[in-house]
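Here's the structure, in structure tokens; my notes come after.
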Amino acid sequence: MGTAIQTPVQTPVFSVSGLWKVFGSKPERVPSDPELSALDPADLRARTGCTAAVRDVSFDVRKGEVFVVMGLSGSGKSTLVRCLTRLIEPTAGSIAIDGEDVRAMDKSRLRELRRHRAAMVFQHFGLLPHRSVLDNVAYGLEIQGVGKAERRERAAEVVAKVGLEGMEHRRPAQLSGGQRQRVGLARALAVDPEVLLFDEPFSALDPLIRRDMQDEVARLHREEGRTMVFITHDLAEALKLGDRIALMRDGKVVQLGTPEEIVGSPADDYVREFVREVPREQVMTVRTAMKPGACKGSEHPGALRPDAVVADAIKTVAGLGGPACVVEDDRCLGVVDHKRLLAVVAGVPAPRTAPEGV
């Protein structure tokens, strides 16, 4: 009998377990006392004067994914991302980056973490007004001690990457809000971090510029596969950018899953209400809608990918005038027809009968 080959399990970029951040007097008593930790926010404040901004949160961030933390104002999402690099000191729980204990890091190791490994992009750009675009982008490299010629060369490459070529010598005051945010993004990219941490970076931008910046982040992720943690209060932004989403309320993660899982199977009434207005056909995929099983013959009408969204599949099925195959690696995984696709859009169980005619 042969020995099974074990696939190595990749260490998460960030691994967070049982994380708490409590503000107030003697905060450490809250996580350690089951009675206090079970109180709702109002009762906890009344009883102890403390506010639990992050409550017993656990998750892993996988290498190469965009992990979105979203929630309304006061949900704890910005506090959470600041705890990852100890810009805010956690009260309890564990944080590891590549398996290394972040809470055990000394000041020197923390500086290295923030300068080299995890770069933050904030809503407020914090650009140096007297410096050019190029020198603002090179600033992180300057702090690292990189020589002037090398850091300017690297900065010029990143400036071009974020679409600011030709603006290298402008000052921040000569740029639009969207251009200044691109400089902030380029400054974070210049140090070549393992993970980019975004704290609501686009919320102050007008809708058109915001969409452009979302597209820019999506493009950079597609081209570089860089790991990103993205904080937002905007559901559409979370669904557009996130491989997985952690939805927070009152410091807790109420659901963690793919956009399709959160829209298709809300964990509770709060999440259900949150996603009620989302166009399901733009999020749900044909994998959810298809009837599993091979189609007849070697032809694959439609040849939809399993991750194609239902809106695109509806167009394909309408064009064919009949069911379409769902194909991956030249293998038919199943078939979809208009009834099954419309059932997914309506959020009702798919018909039990198989699509005909494929």
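In what follows, every heavy atom counts, from backbone to side chain, and hydrogens, waters and symmetry copies are set aside.
Val30 and Val57 are members of different hydrophobic clusters when ILVMFWY side chains are connected at heavy-atom separations under 4.5 Å. Criterion: ILVMFWY side-chain heavy atoms under 4.5 Å apart, direct or through other members. Under it, Phe23 and Leu44 are not part of a common hydrophobic cluster. Leu128 and Met167 fall into different hydrophobic clusters, where Ile, Leu, Val, Met, Phe, Trp and Tyr are joined by side-chain heavy atoms under 4.5 Å apart, directly or via other members. There is no path of hydrophobic side-chain contacts, each under 4.5 Å, that joins Val309 to Leu341. Each of Leu320 and Val326 belongs to its own hydrophobic cluster when Ile, Leu, Val, Met, Phe, Trp and Tyr are linked at side-chain heavy-atom distances under 4.5 angstrom.
In terms of heavy-atom proximity, Arg86 sits nearest to Val102 at NH1-O, 2.9 Å. The two residues Met120 and Val81 make their nearest non-hydrogen contact at CE-O, 4.3 Å. Taking all atoms of both residues into account, the shortest heavy-atom contact from Cys50 to Pro27 is SG-CA, 4.5 Å. In terms of heavy atoms, Gly18 sits closest to Asp56 at CA-OD1, 3.3 Å. Across Val121 and Ala188, no two heavy atoms sit closer than the pair CG2-CB, 3.6 Å. Between Arg180 and Leu175, the closest heavy-atom pair is NH1-O, 2.6 Å.
At least one side-chain heavy atom of Ile97 sits under 4.5 Å from a side-chain heavy atom of Phe14. Between Met213 and Pro201, every side-chain heavy-atom pair lies at or beyond the 4.5 Å cut-off. Contact check for Ser203 versus His233: side-chain heavy atoms found under the 4.5 Å cut-off. Contact of the Leu220 side chain with the Val217 side chain is not registered, since no non-hydrogen atoms from C-beta on lie closer than 4.5 Å. Put simply, the side chain of Asn136 reaches to within 4.5 Å of the side chain of Arg187, judged on heavy atoms. No side-chain heavy atom of Asp40 sits under 4.5 Å from any side-chain heavy atom of Asp250. Residues Met228 and Phe67 have side chains not in contact (no heavy-atom distance under 4.5 Å, counting atoms from C-beta outward). With contacts defined as side-chain heavy-atom distances shorter than 4.5 Å, the pair Val137/Leu189 does not qualify.
A salt bridge is absent between Glu260 and Arg287: the closest approach of a Lys/Arg side-chain nitrogen to an acidic carboxylate oxygen does not fall below 4.0 angstrom. Look at Lys339 and Asp337 and you find no salt bridge, because none of the NZ, NE, NH1 or NH2 atoms lies under 4.0 Å from a carboxylate O. A salt bridge between Glu237 and Lys240 is absent, with no side-chain N of the basic residue lying under 4.0 Å from a carboxylate O of the acidic one. Using a 4.0 Å cut-off between charged nitrogen and carboxylate oxygen, Arg117 and Asp98 count as a salt-bridge pair. A salt bridge links Arg226 and Asp192; the closest N-O separation between the charged side-chain nitrogens and carboxylate oxygens is under 4.0 Å. Checked for salt-bridge contact, Glu223 and Lys161 miss the test: no charged N lies under 4.0 Å from a carboxylate O.
Counting only distance, with no hydrogens or angles, the side chain of Glu168 and the backbone of Gly166 share a donor-acceptor pair below 3.5 Å. At distances below 3.5 Å, not a single donor-acceptor pair connects side-chain atoms of Glu150 with backbone N or O atoms of Gly147. At distances below 3.5 Å, at least one donor-acceptor pair connects side-chain atoms of Arg55 with backbone N or O atoms of Ser37. In this structure, the side chain of Arg45 does not engage the main chain of Thr51 through any donor-acceptor pair within 3.5 Å. For Asp60 (side chain) and Arg62 (main-chain N/O), no donor-acceptor pair under 3.5 Å exists by modelled atom type. Remark: the backbone N or O of Val146 is paired with a side-chain donor or acceptor of Arg151 at under 3.5 angstrom. Arg114 contributes a side-chain N or O that, together with a main-chain N or O of Thr85, makes up a donor-acceptor pair within less than 3.5 Å. Counting only distance, with no hydrogens or angles, the side chain of Asp199 and the backbone of Ser78 share no donor-acceptor pair below 3.5 Å. Not one N or O on the side chain of Lys77 forms a donor-acceptor pair closer than 3.5 Å with the backbone of Val69. The backbone N or O of Arg111 sits nowhere less than 3.5 Å from a side-chain atom of His116 that would complete a donor-acceptor pair.
With values rounded to the nearest 0.5 angstrom, His130 atom NE2 is found 8.5 Å from Arg171 atom CZ. Distance check: Ile245 CD1 to Gln255 CD gives 9.5 Å after rounding to the nearest 0.5 Å. Rounding to the nearest 0.5 Å gives a distance of 8.5 Å between CE of Met70 and CD1 of Ile262. Interatomic distance, NE2 of His338 versus CZ of Arg340, reported as 12.5 Å (0.5 Å rounding). Thr232 OG1 to Arg210 CZ: the interatomic distance, rounded to the nearest 0.5 Å, is 5.0 Å. Taking CD1 from Ile95 and CG from Asp101, the interatomic distance works out to 8.5 Å, rounded to the nearest 0.5 Å.
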Exercise for the section: Could you walk me through whether Asp329 and Arg331 pass salt bridge (Lys or Arg N to Asp or Glu O under 4.0 Å), step by step? Expected result: CA-CA 5 Å; Asp329 298 327; Arg331 185 171 62 88; over 6 Å; no
Practice task
Assess whether side-chain contact (heavy atoms from CB on, under 4.5 Å) is satisfied between Val191 and Arg115, documenting all intermediate values.
Solution key: CA-CA 7 Å; Val191 298; Arg115 290 178 181 178; over 6 Å; no
Handout entry: Chi angles and distances behind the side-chain contact (heavy atoms from CB on, under 4.5 Å) call for Gln144, Leu141
Key = CA-CA 5 Å; Gln144 289 182 5; Leu141 296 170; 4.0 Å; yes
Exercise for the section: Take Gln181 and Ile209, measure what side-chain contact (heavy atoms from CB on, under 4.5 Å) needs, and give me the verdict at the end. Expected result: CA-CA 10 Å; Gln181 189 55 279; Ile209 296 174; over 6 Å; no
Exercise for the section: Walk me through it: do Arg82 and Lys21 pass the test side-chain contact (heavy atoms from CB on, under 4.5 Å)? Expected result: CA-CA 10 Å; Arg82 282 167 165 76; Lys21 177 57 189 178; over 6 Å; no
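Ring planes of Phe202 and Phe230: tilted class, angle from 30 to 60°.
With a 6.0 Å radius and a threshold of 12 heavy atoms from other residues, nucleotides or ligands, Asp330 has its CG atom at or below the threshold. At most 12 heavy atoms of other shown residues, nucleotides or ligands fall within 6.0 angstrom of atom OH in Tyr139. Other residues, nucleotides and ligands contribute more than 12 heavy atoms inside 6.0 Å of the CD atom of Glu112. Surrounding CZ of Arg29 are more than 12 heavy atoms belonging to other residues, nucleotides or ligands, all under 6.0 Å away.
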